[in-house]
Amino acid sequence: MNNKSPTLFIKKLQKICGSSYILTNEWNKESYCKGWRYGHGKAALVIRPGSLIELWKTLEICNEFDVIIIMQAANTGLTGGSTPDGNNYDRPVVIINTMRIDEIHIINEGKQIVGLAGSTLYDLEKRLDKFNREPHSVIGSTSIGASIVGGVCNNSGGSLVQRGPSYTQLALYAKINSKGELKLINDLGINLGSNPIEILNNLQNKNYDTNDIIYSDKLASDNKYSDIVRQINTKTPARFNSDTRLLYGASGSAGKIAVFAVRLDTYPKPKNNQVFYVGSNNPDVFRKIRKDILSEFKNLPILGDYLHRDCYDAAKKYSKDNFIVIEKLGTNFLPTLFELKRKVDLLSKKFTFLPNKLSDKIMQFLSELWPNHLPKRMDKFRDLYEHHWIIEMSDDGIGEARKYFEKFFKNNDGGFFECTKKEGGKALLHRYVSAGSFGRYHAIHEKKLGGAMSLDIALPKNERNWFEKLPPEIDDLIELKLYYGHLFCHVLHQNYLVKKGVKPEFLLKKLLKNYDDRGAEYPAEHNVGHEYKAKSPLFKFYKSLDPTNTFNPGIGKSSKKKFWK
């Protein structure tokens, strides 16, 4: 710790944040050190500042004592990018969790917002309701307490066809330059003062008015995506994590800076919504629908989420508890549930007579006592069709889609039905919770299985053969494949449980080679975390943000050493 006393380091931090918010006990740190689905490592401390000034002063002390800083908000990422990765760092690691700094400022009559470091999409959705507007993401991430800043830092894609990745050029953040100096960068587009304490104090307490807000040509959202997604004859993917078009300041930064706040656009709510449930046994039918809607429809869909029959079945059995919790208790309870789940799993590690992943086994047992939770029409389509597509339209697009589907399915394999409001909610929720079925299945059957892998693939927009067909020599290594994704964007989440004795690393190389040959990009909407290797444009961006490699070293399988040695 730069030849300085660890005790002095802790005392200085306690003076700033308070003793109860400096976690040193292994039990208390564990849930911050373990990723939601992937990633785990040790941290010397977990620090939970309660204001922007506390965060700034914490960063100053961390820089003084030459420690590694891992910025963390809700820790809901899927690739381990907000936790330590192993224990082979060259300096002590501290985690700074920002969830106590959760204020949201509404500006320009709700057309834009400023989200502070730990503010969540769930809270933002509630705050915008009275303005009849929506945040960038309104499904999935809002349900598990994901942070606004985390979405921007990871260029999170979301499922909404019209909006694209979460993006802004307006942010307030701190970085450490090549001389090791901590600097505050105010690109928020709000006049807040001239020095860090003044700027942070004015923002925290909203000591600014409409005259201080600057409206320039800087973007607070991705204004090109709705055109890009329609370009179905081009060979590039619609969205992917290393797209240089969307790497700017906080956007795509992946924890290589400390973000204090972001400014984002919001979106008007549609007057009417309608979910169409579409099924077919021929993947080429879905290709035709995608082509027709993106090239001919006047109105883009709100979303179009794909689900394979095997994933439908897995989610019905292994994600039933999550479905029921959200439906009966609301999304606000999910972060509490996940925290409780982590604590139970920690307990099972402490007592060797308890089974591994105890929480999954308890929740699975309880869920099987509950009756079938899915609508009869959905289950009927499950029996009829291998491929399922949940397409949501709004306003004028509803009639456009109805007319199209009625004509299309007179001459093509498959069918559709218009969901009632209740059926539509259940269909969307079933697709969302399907992501968790992969981990639950592995937890229940781990003794019979090898490892697990999850790929986040962006196919070229002109790809015709979107549904994966693996050669026998690869397919024979896999016990179960679970496929879901966002079909209009050609973003697919492909989960593999390999057979006993098969090394996932061996299979991964074969799969990625196959996708490289097809011109795909990966990851698509998840960050590289510690699961994927950062491609050259992303790696250069990280180095430019953090030349000393103090923040989140090792991200994208890069160096963990100081100055990137």
Side-chain angles (χ1 to χ4, degrees), residues 30-32 34-38 73-78 99 102 120-126 129 135 137-147 150-151 158-159 275 303 305 307 311-348 355-376 378-379 382 390 419-445 454 482 484 493 495:
E30 182 67 19
S31 62
Y32 299 92
K34 185 176 175 58
W36 187 64
R37 188 168 79 181
Y38 182 91
N75 192 18
T76 57
L78 299 177
M99 292 304 286
D102 59 358
T120 67
L121 283 163
Y122 177 79
D123 286 340
L124 177 57
E125 193 173 345
K126 290 192 295 182
D129 194 51
S137 297
V138 295
I139 186 173
S141 53
T142 54
S143 299
I144 56 175
S147 73
S159 59
V275 173
L303 62 80
D305 273 15
L307 196 67
C311 197
Y312 182 105
D313 292 344
K316 183 176 180 180
K317 182 172 183 178
Y318 295 103
S319 293
K320 185 197 281 190
D321 53 317
N322 286 336
F323 184 106
I324 293 165
V325 166
I326 295 172
E327 186 180 48
K328 303 299 180 186
L329 300 178
T331 55
N332 201 28
F333 183 72
L334 262 191
T336 304
L337 178 67
F338 286 127
E339 184 61 25
L340 180 62
K341 185 179 182 298
R342 282 171 170 163
K343 291 284 173 63
V344 171
D345 287 338
L346 287 173
L347 194 66
S348 68
N356 190 31
K357 297 181 180 175
L358 178 61
S359 66
D360 282 298
K361 287 161 186 175
I362 292 172
M363 292 170 75
Q364 186 60 34
F365 172 77
L366 293 174
S367 73
E368 291 176 5
L369 302 176
W370 199 269
N372 182 23
H373 57 292
L374 296 180
K376 290 181 180 178
M378 281 175 59
D379 278 344
R382 180 264 168 225
I390 304 161
C419 295
T420 64
K421 186 175 181 180
K422 186 175 181 181
E423 285 174 329
K426 283 179 176 280
L428 293 169
L429 183 53
H430 184 60
R431 156 59 193 95
Y432 164 61
V433 299
S434 66
S437 63
F438 168 65
R440 175 65 59 78
Y441 187 100
H442 189 258
I444 300 299
H445 302 285
S454 180
L482 299 179
Y484 56 91
H493 303 301
N495 303 283

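Across all non-hydrogen atoms, the minimal contact from Phe438 to Leu482 is CA-CD1, 3.9 Å. In terms of heavy atoms, Lys316 sits closest to His373 at O-CE1, 3.3 Å. Nearest heavy atoms, Ser147 versus Ala73: OG-CB, 3.3 Å. Scanning both residues, Lys317 and Ser367, for their nearest heavy atoms gives O-OG, 4.1 Å. Taking all atoms of both residues into account, the shortest heavy-atom contact from His445 to Tyr318 is NE2-OH, 2.8 Å. Considering every non-hydrogen atom in both Ala74 and Ala146, the closest pair reads CB-CA, 4.0 Å.
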Self-check item: Pair Ile444-Phe365, side chain to side chain contact (heavy atoms under 4.5 Å, CB included): steps then yes or no
Solution: CA-CA 10 Å; Ile444 300 299; Phe365 172 77; over 6 Å; no
Quiz prompt | Verdict with supporting geometry, His430 and Ile390, side chain to side chain contact (heavy atoms under 4.5 Å, CB included) | solution = CA-CA 10 Å; His430 184 60; Ile390 304 161; over 6 Å; no
Quiz prompt | Pair Lys426-Phe323, side chain to side chain contact (heavy atoms under 4.5 Å, CB included): steps then yes or no | solution = CA-CA 9 Å; Lys426 283 179 176 280; Phe323 184 106; 3.8 Å; yes
Practice problem: Go through the steps to decide whether Arg382 and Asp313 satisfy the test side chain to side chain contact (heavy atoms under 4.5 Å, CB included), and finish with yes or no. | Solution: CA-CA 8 Å; Arg382 180 264 168 225; Asp313 292 344; 2.8 Å; yes
Quiz prompt | salt bridge (charged side-chain N to carboxylate O under 4.0 Å, His left out) evaluation trace for Asp129 with Lys126 | solution = CA-CA 5 Å; Asp129 194 51; Lys126 290 192 295 182; over 6 Å; no
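To the nearest 0.5 Å, the span separating NE2 on His442 from CG on Asp360 amounts to 11.5 Å. Going from atom CD of Glu368 over to atom CG of Asp321 covers 10.0 Å, rounded to the nearest 0.5 Å. From Thr120, atom OG1 reaches atom CG of Asp102 across 7.5 Å, with rounding to the nearest 0.5 Å. Taken from OG in Ser319 to CZ in Arg440, the straight-line distance is 7.0 Å, to the nearest 0.5 Å. Atom CG of residue Leu303 and atom CZ of residue Arg431 lie 9.5 Å apart, to the nearest 0.5 angstrom. To the nearest 0.5 Å, the span separating NZ on Lys320 from CG on Leu366 amounts to 11.0 Å.
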